[in-house]
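What follows is a set of notes on a single structure, which appears directly below.
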Amino acid sequence: MTNQQDRVLIFDTTLRDGEQSPGATMTLAQKLEISETLDRMGVDIIEAGFPNASPGDFAAVREVSANVEDAVVCALARSVSDDIDRAGEALAGARNPRIHTFIATSPIHMQHKLQMSPEDVLEAIRSAVTRARSLTDNVQWSPEDGTRSEHDFLCRAVETALKAGATTINIPDTVGYTVPNESADIIRMLRERVPGIENAVISTHCHNDLGMAVANSLAAVNAGARQIECTINGLGERAGNAALEEVVMAMRVRNDVMPYQTRIDSSRIMHVSRMVSEATQFPVQFNKAIVGKNAFAHEAGIHQDGMLKNAGTYEIMRPEDVGIAKTNLVMGKHSGRAALREKLAELGYRVGTNRLNDVFAKYKALADKKREVFEDDLIALMQSSASEDANEYLRLRSVSVSCGTNREAFAELGLTVDGEHREVSATGDGPLDAAFSAVKKVFPHSARLSQYHVNAVTEGTDAQATASIRLVEDGRIVVGQAADTDTIQASVLAYVNALNSLASRRQKRAPGAV
């Protein structure tokens with residue numbers, strides 16, 4: 001039976017800290033879908049955004065608050081009255097609201113960023129937590145850059161927050177600086193030295209700059225923390241945050257040495273991973289733990305032999321434990337809508353009739369080009385379909401390129417621009433340069449191509465290519481992704497998708513912290 005001593009709360013900040021990843025902005029509809037999925041899978045606290053950062057963040061927190069049924073909905077606020085009041089306003093419709101307020105406590109942050117004395121910081125903590133507590137009885141406080149704070153001052157700051165009414169104390173490793181034994185020592189030190197901390201939940205929030213976010217989070221739990229802040233796929237600023245799927249499955253698989261429990265329905269992990277990847281257009285690396293394409297793949301002969309005899313020889317968890325189906329329906333050009341719907345459901349996609357009809361048409365076109373359509377093909381198809389449908393200002397209708405040794409590349413494109421069909425051509429240094437130049441004729445811009453990746457989704461010469469493009473213009477970052485068996489067409493589609501995002505991108509909100 002689970003008790004308070006072995007129960008670990010899962011605080012998901014994908015919608016707030018995760019969205020601070022450059023280029024990872026999500027629409028309101030996507031945030032609602034993700035938050036509802038997190039709620040159903042058993043996440044305890046969902047940090048929905050930073051309401052005072054932008055009208056869009058305020059709307060997201062308000063709508064998530066109205067839709068989430070079981071989880072606590074949390075809003076971030078600096079130690080500023082306007083932030084706290086705005087957070088309270090956004091959370092007004094939440095069944096279980098929490099305000100999360102923070103201020104930096106490390107010497108380097110207080111001196112150079114805040115330009116405040118330690119005493120001024122303590123007064124800001126007292127004032128902010130008191131104001132937040134007047135709006136809700138569930139208040140979380142964080143010392144930004146807590147792991148680089150002086151221990152004596154950190155203890156004073158935590159004690160100040162507790163006396164003002166904080167019910168959760170979160171210790172952020174804001175810059176991913178700490179190591180596991182140090183992470184544990186900080187939690188032990190606070191438990192030993194701070195009066196009243198036994199009445200609060202201690203939380204840990206670790207960034208992955210040195211690749212130790214998950215290890216640091218689990219070390220903190222071993223030392224007495226009972227809340228982990230994390231994100232789906234480890235999404236987050238710079239190198240990201242502790243990955244929800246990794247901390248949850250680590251505690252489940254190694255429950256012998258980490259005897260802690262969560263409420264997470266792990267069978268939903270793969271579904272929400274793909275949902276977040278699709279929404280942000282941040283692909284999951286193939287060898288990513290738990291949710292990567294290769295996480296349950298075995299190629300070496302000795303591994304395959306062991307797997308055939310007993311899956312436990314090389315798999316420490318079952319694929320179905322994280323939502324990967326054991327069975328494999330072979331999909332081809334003769335497969336119908338019912339088979340496609342069932343296969344998509346296996347992969348975590350719930351599609352209505354209209355969406356199914358649209359995807360089915362694209363599936364049939366793909367199946368005509370390939371002898372067999374694999375799971376990864378379908379995932380790429382769904383991600384590409386969502387990206388194409390997101391905006392309609394630019395739409396690629398046709399592309400034709402010619403190139404060769406000792407000749408200039410030439411591209412002809414058929415484009416719909418704001419509802420008007422256009423035919424355009426251009427030359428360039430290679431077929432892609434020519435095609436991109438043709439697009440730029442009808443959509444002039446100053447965006448710089450900062451990243452361009454093409455990956456084969458499956459094996460074989462008929463494999464789909466997934467193209468990902470990142471553009472930067474005036475500090476704004478947008479991404480585009482598309483898949484097609486024609487690499488050139490996939491690349492141009494991804495470019496067009498990125499430009500659509502650029503056209504519709506609203507003013508970038510102010511970034512949060514912690």
Side-chain angles (χ1 to χ4, degrees), residues 13 16-17 20 47 50-53 74-88 98-136 139-178 182-183 185-207 209 216 220 225 229 237-238 510-514:
T13 184
R16 198 278 298 171
D17 204 334
Q20 288 175 203
E47 190 165 50
F50 184 178
N52 211 28
C74 181
L76 187 70
R78 295 168 297 181
S79 295
V80 178
S81 297
D82 287 348
D83 274 25
I84 294 167
D85 293 345
R86 192 70 166 155
R98 173 184 293 187
I99 293 177
H100 177 194
T101 184
F102 70 96
I103 192 169
T105 55
S106 66
I108 189 170
H109 276 239
M110 289 191 294
Q111 179 182 350
H112 297 287
K113 186 182 76 171
L114 298 179
Q115 297 181 346
M116 293 171 64
S117 70
E119 292 304 320
D120 288 338
V121 168
L122 293 176
E123 179 54 37
I125 294 168
R126 186 179 301 107
S127 176
V129 174
T130 300
R131 193 177 191 96
R133 189 60 194 260
S134 72
L135 300 175
T136 176
V139 175
Q140 175 169 314
W141 178 76
S142 293
E144 186 184 7
D145 205 22
T147 58
R148 292 196 297 173
S149 300
E150 295 175 345
H151 286 190
D152 287 348
F153 183 70
L154 182 61
C155 288
R156 291 179 65 197
V158 170
E159 185 176 359
T160 299
L162 288 170
K163 287 181 177 178
T167 52
T168 298
I169 298 295
N170 176 56
I171 306 301
D173 185 28
T174 303
V175 293
Y177 179 75
T178 198
E182 187 177 64
S183 176
D185 287 344
I186 291 172
I187 301 301
R188 292 192 193 97
M189 181 269 298
L190 292 173
R191 293 180 69 197
E192 292 169 0
R193 294 180 55 182
V194 178
I197 199 167
E198 66 277 5
N199 299 318
V201 174
I202 303 177
S203 174
T204 180
H205 173 117
C206 298
H207 281 262
D209 297 69
N216 289 333
E229 296 202 1
E237 291 189 278
R238 303 182 314 278
V514 181

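Worth knowing before you read on, the calculation uses all heavy atoms, side chains too, and leaves out hydrogens, waters and symmetry mates.
Residues passing the salt bridge (Lys or Arg N to Asp or Glu O under 4.0 Å) test with Arg191: none are found, sequence neighbours excluded. Not counting sequence neighbours, the partners of Glu182 by the side-chain hydrogen bond (donor to acceptor under 3.5 Å, both in side chains) test are Thr178. Shown here are the side-chain hydrogen bond (donor to acceptor under 3.5 Å, both in side chains) partners of Ser183, two or more places apart in sequence or in another chain: there are none. In this view, Asp120 satisfies the salt bridge (Lys or Arg N to Asp or Glu O under 4.0 Å) rule with no residue, not counting sequence neighbours. A search for side chain to side chain contact (heavy atoms under 4.5 Å, CB included) contacts involving Glu123 returns Arg126, Ser127, not counting sequence neighbours. Contacts of Asp82 classified as salt bridge (Lys or Arg N to Asp or Glu O under 4.0 Å), with partners at least two apart in sequence or in another chain: none. The side chain to side chain contact (heavy atoms under 4.5 Å, CB included) test applied to Arg193 returns His151, Asp152, Cys155, Met189, not counting sequence neighbours. Considering only residues two or more places apart in sequence or on other chains, Ser149 meets the side chain to side chain contact (heavy atoms under 4.5 Å, CB included) condition with Thr105, Ser106, Leu154. Residues passing the side-chain hydrogen bond (donor to acceptor under 3.5 Å, both in side chains) test with Asp83 are Asn52, Arg78, sequence neighbours excluded. Scanning for side-chain hydrogen bond (donor to acceptor under 3.5 Å, both in side chains) contacts around Thr13 gives Glu47, with sequence neighbours left out. Listed by chain and number, the residues in a salt bridge (Lys or Arg N to Asp or Glu O under 4.0 Å) with Arg133 amount to none (sequence neighbours excluded).
Using a 4.5 Å heavy-atom threshold, the side chains of Ile103 and Trp141 count as touching. Two residues are said to be in side-chain contact when any heavy atoms from C-beta on lie closer than 4.5 Å; Asp173 and His207 fail this criterion. Contact of the His205 side chain with the Asp17 side chain is registered, since non-hydrogen atoms from C-beta on lie closer than 4.5 Å.
Residues Pro143 and Pro172 come closest through the heavy atom pair O-CD, 3.1 Å.
Under the salt bridge (Lys or Arg N to Asp or Glu O under 4.0 Å) criterion, the residue pairs touching residues 156-172 are Glu119-Arg156, Glu159-Lys163, with sequence neighbours excluded.
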